[in-house]
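A short worksheet on the structure shown next.
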Amino acid sequence: DRLPGEEPVPVDQADSILRRAIELQTQESTRRVDPIDRDKLVRMAGELNVDPDFLLRALAEHQAGVSLDDRMDTIWQKVLAPDKVMATRIVNGPADRVEASAEAWFRTQEGLRPRRHYEDGILWEKDSHPITSIRMGLKLGQGTGALRDSRGVTHRVREIKPGEQLVSIEANTAGLRKTGQVLLATGAVATVGALGAGSVAFGGPLEPATIAVTLSTLAVFTGSTIFGVRMAFNRLKQGINRALDAVGDAFVPRRRPRR
């Protein structure tokens, strides 16, 4: 009940004090522990009977940021769209050839051009060259066209092991969410306007006709905005999956026709 030389600690506070002590010790221990390198991680997985192939895939996905793909911390991210949308594929082929296949797809089929090069990938943006615009306008590319409208698309190729690559494609959707917020704000203004117009036309804000007009205006703007944003978000998903399918398909062995 009493610490040496100190006042006694009330019983109902002892638990919280102990929990805080454990938390402080854990934080300090975490700062002191050296990072775990790849080889040590593989050994630890082996001790837990985890197949090294799955461990290497999980590590590549972690480095690609797959675990952060669907984080939605705010109400706007939940209702409209998160900051990004990402998908991955395992492609069996040499890293340089997989990278070349991905680059060729984005240039020729999606109408994009490099904006920034990374060690393991490229950040792409819309190619506004007249010839590219004409080709994309005539639907001559095999992509969905959705990636061309994104604020930024990043592809990365990470080697899991020799001959096996993790290809990830990530599209920025923060702009899509902001557009939805602007449209919802416009809908709020329109709703207030409908309330005012209804009050004048039907004799007051609490009249059933006024309420009906106001609610219908709000429902139309809110529903159409959310539906439109989610449709655009899903089109981005489809575009990413289409690109991943195309890159992976280039390395699938073809069956020879029977004679």
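In what follows, every heavy atom counts, from backbone to side chain, and hydrogens, waters and symmetry copies are set aside.
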Original post:
Apart from I131 itself, which Ile, Leu, Val, Met, Phe, Trp or Tyr residues share its cluster (side-chain heavy atoms under 4.5 Å, direct or through members)?
Top reply: none

Looking at every non-hydrogen atom in both residues, tell me the closest pair between [X] and [Y] and how far apart they are.
X    : Y    : result
Q142 : W105 : CB-CH2, 3.7 Å
E110 : G143 : OE2-CA, 3.6 Å
Q109 : M136 : O-SD, 4.0 Å
K161 : Q165 : O-NE2, 4.2 Å

Taking side chain as C-beta onward, heavy atoms only, is [X] less than 4.5 Å from [Y]?
X    : Y    : answer
L166 : E61  : yes
I122 : T154 : no
V98  : V167 : yes
F251 : S101 : yes

Looking only at atom types and distance, does a side-chain atom of [X] sit under 3.5 Å from a main-chain N or O of [Y], one as donor and one as acceptor?
X    : Y    : value
T173 : K84  : yes
N241 : K237 : yes
T132 : S128 : no

Subject >> Crowding at CZ, F54 (>12 non-hydrogen neighbours, <6.0 Å) >> reply: no

Original post:
Is the closest basic N to carboxylate O distance between E125 and R116 below 4.0 Å?
Top reply: no

**OP:** May I ask you to decide whether R148 forms a salt bridge with D127, counting only side-chain N to carboxylate O separations under 4.0 Å?
**Re:** no

Original post:
Is it true that I226 and L236 fall in one hydrophobic cluster, defined by side-chain heavy atoms closer than 4.5 Å?
Top reply: yes

Subject >> From N234, L176, I240, I169, residue fulfilling side chain to side chain contact (heavy atoms under 4.5 Å, CB included) relative to V85 >> reply: I240

Side-chain donor-acceptor pairs of residues 202-220 under 3.5 Å, sequence neighbours excluded:
{"unit_1": "T210", "atom_1": "OG1", "unit_2": "G198", "atom_2": "O", "d": "2.9"}
{"unit_1": "T210", "atom_1": "OG1", "unit_2": "G204", "atom_2": "O", "d": "2.8"}
{"unit_1": "T214", "atom_1": "OG1", "unit_2": "T210", "atom_2": "O", "d": "2.9"}
{"unit_1": "S216", "atom_1": "OG", "unit_2": "A212", "atom_2": "O", "d": "3.0"}
{"unit_1": "S216", "atom_1": "OG", "unit_2": "V213", "atom_2": "O", "d": "2.8"}
{"unit_1": "T217", "atom_1": "OG1", "unit_2": "V213", "atom_2": "O", "d": "2.8"}

Original post:
Per the side-chain hydrogen bond (donor to acceptor under 3.5 Å, both in side chains) rule, which among E99, E170, E103 passes with H155?
Top reply: E99

Original post:
Going by the ring-ring contact (aromatic ring centres under 6.0 Å, His included) test, which pairs reach into residues 219-242, not counting sequence neighbours?
Top reply: none

**OP:** Report yes or no: is the cationic atom of R156 (NZ for Lys, CZ for Arg) closer than 6.0 Å to the six-membered ring centre of Y118, at no more than 45° off its axis?
**Re:** yes

